[in-house]
J.: 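Can you read through this structure? Questions will come right after.
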Amino acid sequence: MHGVPVSGGIAIGRAHLLSRTGLEVAHYVIPRKQAAAEIARFEAALATVQQELKELRAQIPPNAPQEFGAFLDLHLMILNDATLSKAPRDIIATERCNAEWALKVQTDALLEQFNEIEDGYLRERKSDVIQVAERVMKNLLGQPGYSPVSDSGEGLILVAHDLSPADVIQFKQHRFASFITDLGGTTSHTAIVARSLNIPSVVALHHARQLIVENDLLIVDGTLGMVVVDPDPHTLEEYRQRQHQWELERKKLRRLRDTHAVTLDRVAVELQANIELPEDVGRARESGAAGIGLFRTEFLFLNRDDSPGEDEQFEAYRKVVRGMNGLPVTIRTYDLGADKQVNPDRAAVASALGLRAIRLSLNEPDMFLVQLRAILRASHYGKTKILVPMLMSVPEINQTLGHVARARQDLDDRRVPYDKGIEIGSMIEIPAAALALRAFIRKLAFLSIGTNDLIQYTLAIDRTDDTVSHLYDPLHPAVLRLIAHVIKTASAAGKPIAVCGEMAGDPQLTRLLLGFGLRQFSMHPARLLEVKQQILRSNLGKIGQQAKKMLRTEDPDKLHSLLAKLNA
């Protein structure tokens with residue numbers, strides 16, 4: 001079976017099926033006098049699930065990935081939100097129906113709103129609503145919250161239609177070799193958790209949960225996105241050898257931690273890390289990162305009803321800056337889809353083409369100024385840069401710089417110290433920005449290419465939608481030419497340019513980006529050593545001409561052939 005690979009490596013083990021309850025429930029009318037009791041039954045189910053999630057939150061081991069706590073907080077927030085906790089009570093009272101049906105009706109209404117969202121990451125969050133609703137539904141139906149696992153947890157491969165962070169934490173005493181799911185994409189919880197745990201994982205398999213039987217022997221190839229069910233002896237032995245080789249390679253890579261990233265012809269390359277939480281600094285340091293090339297600040301704003309204040313943000317940013325001990329830290333202003341303060345009447349959020357990122361910041365200047373002041377204050381404690389997402393025009397650049405100037409003045413008036421020479425840069429993730437690059441070069445100190453969005457906007461492909469994700473192609477000629485144009489134009493002008501999207505962390509594309517002239521990469525810490533190894537084996541004198549040849553090529557098959565030759 002083939003799906004979407006989200007965490008590399010090879011796992012071999014026995015299948016354990018995670019049972020889930022769908023939201024297809026019976027509908028029956030209750031007498032008016034029993035409505036209050038039915039509402040009380042629904043409230044009791046909410047309270048029970050809330051207590052379960054709080055207990056799970058308290059049971060998270062200290063060394064567990066930080067994402068576990070963030071996701072459980074998100075589920076608690078959904079559970080407490082009026083759209084899921086209050087609306088079903090009103091449905092019970094007005095329609096005199098059973099609690100299960102009221103919950104289903106309201107959940108379906110919420111999911112319809114999520115389906116209208118264009119942003120892939122935000123649309124995928126509808127799975128959180130489903131998972132929370134299912135827990136409440138199971139409680140109403142008197143069913144257990146999860147399937148028990150045998151004591152021989154090591155070597156098991158978890159097979160699920162979908163997987164919530166609560167499920168993972170519930171099984172924390174068992175060491176799963178892999179996760180595979182029918183649903184999900186590259187930004188799903190399963191994918192994020194699998195990458196955090198550094199275990200092979202494949203999602204979007206569609207029918208794995210139906211076709212795989214409990215205790216089936218499975219091979220999961222998290223690099224190719226393939227699952228082999230009940231392999232023959234020859235295939236099993238072949239994959240055991242591959243697994244052994246993979247583990248040896250991982251051990252060898254760890255030896256490169258303190259090795260400088262320099263090509264065979266002695267050209268230095270800077271490798272930095274992408275992080276999402278202050279606690280991720282430890283992973284960045286362990287990987288030997290030369291700095292933080294992208295600190296995504298959205299996690300400070302999510303999973304809560306209010307926006308974080310200036311002091312709270314300052315403490316988080318300062319923790320990262322101090323944690324990197326003098327190495328540069330690039331903090332990106334929030335790339336949120338929307339905020340309750342902007343449109344409190346909508347349960348969903350703005351689309352990928354709507355009010356998001358810098359557009360939202362400029363639309364909510366008070367919230368933006370709070371973040372800018374917090375970042376400026378943190379810059380007093382180490383080398384800090386400000387990165388602005390989704391800029392596309394000179395007016396937006398001017399407005400942004402105006403807000404930065406106002407934030408500086410606010411701190412000057414308060415006599416608060418900050419780095420007067422702090423640099424302001426822009427993400428290049430919209431084709432319009434790539435094609436109007438000279439204006440960005442004139443007005444900003446540095447640039448960083450966000451390849452994830454740049455590819456999506458260039459090809460009009462949502463990479464998280466598995467019905468079209470096969471069309472998401474980093475090697476599309478238009479994508480390569482845009483990226484090469486940005487790198488060449490910025491480098492010729494002496495403007496620092498980095499790539500911080502998924503392409504930066506793909507070792508198969510390292511030499512191609514080097515051939516385009518890229519000298520600064522930023523990626524997930526788990527991918528840094530693989531990319532460094534590729535750099536250490538590369539000779540720029542041979543790469544440049546091959547990269548130019550790829551830029552002149554239109555045929556997709558020939559492009560892949562040339563890439564293979566480049567990496568040979």
J.: In Å, rounded to the nearest 0.5 Å, how long is the span from CD1 of Ile212 to CG of Leu17?
T.: 7.0 Å

J.: Between OG of Ser287 and NE2 of His524, what distance do you get to the nearest 0.5 Å?
T.: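 Between atom OG of Ser287 and atom NE2 of His524 there are 9.5 Å.
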
J.: In terms of heavy-atom contacts, does CZ of Arg438 have more than 12 from other residues, nucleotides or ligands at under 6.0 Å?
T.: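 Atom CZ in Arg438 is not crowded, with 12 or fewer foreign heavy atoms closer than 6.0 Å.
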
J.: If I compare all heavy atoms of Ser426 with all of Leu444, which pair ends up nearest, and what's the gap?
T.: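 So the minimum-distance heavy-atom pair works out to CB-CD1, 3.4 Å.
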
J.: Do Asp182 and His207 have side-chain atoms, one donor and one acceptor, less than 3.5 Å apart?
T.: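 Looking only at side-chain atoms, His207 and Asp182 do not form any donor-acceptor pair under 3.5 Å.
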
J.: Do Thr263 and Asn539 have side chains that get closer than 4.5 Å, going by heavy atoms?
T.: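 A side-chain contact is absent here, since even the closest heavy-atom pair is not under 4.5 Å.
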
J.: Output yes when a side-chain donor or acceptor of Ser201 lies under 3.5 Å from a complementary backbone atom of Ser7, and no otherwise.
T.: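 No: the side chain of Ser201 does not pair with the backbone of Ser7.
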
J.: Does the side chain of Leu217 come within less than 4.5 Å of Pro231's, by heavy atoms?
T.: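 Yes - at least one pair of side-chain heavy atoms lies under 4.5 Å apart.
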
J.: Taking the side chain as every heavy atom from C-beta outward, state whether Val203 and Leu183 have any pair of such atoms under 4.5 Å apart.
T.: no

J.: For residues Phe176 and Ile157, determine if any side-chain heavy atom of one lies less than 4.5 Å from a side-chain heavy atom of the other.
T.: no

J.: Can you measure from CZ (Arg285) to CD1 (Ile292) and round to the nearest 0.5 angstrom?
T.: 9.0 Å

J.: Does the pair Glu530 and Arg527 meet the rule for a salt bridge (charged side-chain N to carboxylate O under 4.0 Å, His left out), with working shown?
T.: CA-CA 6 Å; Glu530 290 180 79; Arg527 309 306 299 272; 3.4 Å; yes

J.: Is the shortest distance from a Lys or Arg side-chain nitrogen in Asp335 or Arg356 to a carboxylate oxygen in the other one below 4.0 Å?
T.: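 The answer is yes: the pair qualifies as a salt bridge.
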
J.: Do Lys385 and Phe446 form a cation-pi contact, if we require the NZ or CZ to be under 6.0 Å from the six-membered ring centre and within 45 degrees of the ring's axis?
T.: yes

J.: Treating His485 as the side-chain partner and Ala434 as the backbone partner, does any N or O pair qualify as donor plus acceptor under 3.5 Å?
T.: yes

J.: First locate atom CG of Leu480, then atom CZ of Arg552, and finally report the distance between them rounded to the nearest 0.5 Å.
T.: 13.5 Å

J.: Before giving the answer on side chain to side chain contact (heavy atoms under 4.5 Å, CB included), spell out for Ser448 and Gln520 the whole-Å C-alpha distance, their side-chain angles and the decisive distance to 0.1 Å.
T.: CA-CA 9 Å; Ser448 187; Gln520 183 178 327; over 6 Å; no

J.: Checking the side chain of Asn567 only, and the main-chain atoms of Gln508 only, is there a donor and an acceptor separated by less than 3.5 Å?
T.: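 Flag set: sc Asn567 to bb Gln508 pair under 3.5 Å.
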
J.: Please report the shortest heavy-atom distance between Arg519 and Leu514, naming the atom on each side.
T.: NH1-O, 3.1 Å

J.: Where the side chain of Arg481 meets the backbone of Leu551, is there a donor-acceptor pair that is under 3.5 Å apart?
T.: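 Checking the backbone N and O of Leu551 against the side chain of Arg481, a donor-acceptor pair under 3.5 Å is found.
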
J.: Can you find a heavy atom in the side chain of Asp453 that is under 4.5 Å from one in the side chain of Ile430?
T.: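 No, too far: nothing below the 4.5 Å cut-off.
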
J.: For the pair Glu396 (side chain) and Met392 (backbone), establish whether a donor and an acceptor sit closer than 3.5 Å, ignoring hydrogens and angles.
T.: yes

J.: If you compare all heavy atoms of Gly222 against all heavy atoms of Pro5, which two are closest, and at what distance to 0.1 Å?
T.: O-CB, 3.2 Å

J.: Taking everything shown except Lys495 itself, do over 12 heavy atoms lie less than 6.0 Å from its NZ?
T.: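 Yes, the 6.0 Å shell around NZ holds more than 12 heavy atoms from other groups.
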
J.: Does any N or O in the side chain of Asp265 come within less than 3.5 Å of the main-chain N or O of Gly541, such that one atom is a donor and the other an acceptor?
T.: yes

J.: Check the pair Leu211, Met1 against side chain to side chain contact (heavy atoms under 4.5 Å, CB included), reporting the backbone distance first and the verdict last.
T.: CA-CA 10 Å; Leu211 297 175; Met1 292 183 286; 4.2 Å; yes

J.: Going by heavy atoms in the side chains, are Ile497 and Val486 under 4.5 Å from each other?
T.: yes

J.: When you measure from the side chain of Arg14 to the backbone N and O of Asp216, does any donor-acceptor pair fall under 3.5 Å?
T.: no

J.: Please check if any side-chain donor atom of Asn452 sits under 3.5 Å from a side-chain acceptor atom of Glu429, or the reverse.
T.: no

J.: Quick one about Glu249 and Gln245 (side-chain donor to acceptor, distance below 3.5 Å, no hydrogens or angles considered), yes or no?
T.: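 Yes - a donor-acceptor pair under 3.5 Å links their side chains.
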
J.: What do the steps show when you test Leu459 against Tyr472 for side chain to side chain contact (heavy atoms under 4.5 Å, CB included), and what is the final call?
T.: CA-CA 7 Å; Leu459 303 182; Tyr472 178 91; 5.7 Å; no

J.: Short question: side chain of Arg257, backbone of Glu286 - any donor-acceptor pair under 3.5 Å?
T.: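 Checked: pair present.
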
J.: Where the side chain of Lys532 meets the backbone of Leu256, is there a donor-acceptor pair that is under 3.5 Å apart?
T.: yes

J.: Indicate whether the side chain of Asp162 and that of Thr181 have a donor and an acceptor atom separated by less than 3.5 Å.
T.: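 Short answer, no.
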
J.: Would you say Ser178's side chain and Pro200's backbone share a donor-acceptor pair under 3.5 angstrom?
T.: yes

J.: Do Gln399 and Leu362 come close enough that some side-chain heavy atom pair is under 4.5 Å?
T.: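 Touching, per the 4.5 Å side-chain cut-off.
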
J.: Thr451 and Met503: which non-hydrogen atoms are nearest, and at how many Å?
T.: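 In terms of heavy atoms, the two residues are closest at OG1-N, 3.4 Å.
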
J.: Run the numbers on Val227 and Val159 for side chain to side chain contact (heavy atoms under 4.5 Å, CB included), then give the verdict.
T.: CA-CA 11 Å; Val227 176; Val159 184; over 6 Å; no

J.: Drop me the distance from Met324's CE to Thr384's OG1, to the nearest 0.5 angstrom.
T.: 11.0 Å

J.: Residues in side chain to side chain donor-acceptor pair (under 3.5 Å) with Glu247, at least two apart?
T.: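 Per chain and number, Glu247 pairs via side chain to side chain donor-acceptor pair (under 3.5 Å) with no residue.
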
J.: Is the closest side-chain heavy-atom distance between Met550 and Leu512 below 4.5 Å?
T.: yes

J.: Quick check for you: to the nearest 0.5 Å, what is the distance between Glu276 atom CD and Asp280 atom CG?
T.: 6.5 Å

J.: Listed by chain and number, what are the side chain to side chain donor-acceptor pair (under 3.5 Å) partners of Thr553, not counting sequence neighbours?
T.: none

J.: For Pro474 and Val479, work out which heavy atoms get closest and say how close.
T.: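 Answer, listing the atom of Pro474 first, then Val479: O-CG1, 3.5 Å.
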
J.: Are side-chain N/O atoms of Gln272 and Glu270 paired as donor and acceptor at under 3.5 Å?
T.: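 On atom types as modelled, these side chains qualify, holding a pair under 3.5 Å.
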
J.: If I compare all heavy atoms of Pro328 with all of Ala290, which pair ends up nearest, and what's the gap?
T.: CD-O, 3.5 Å

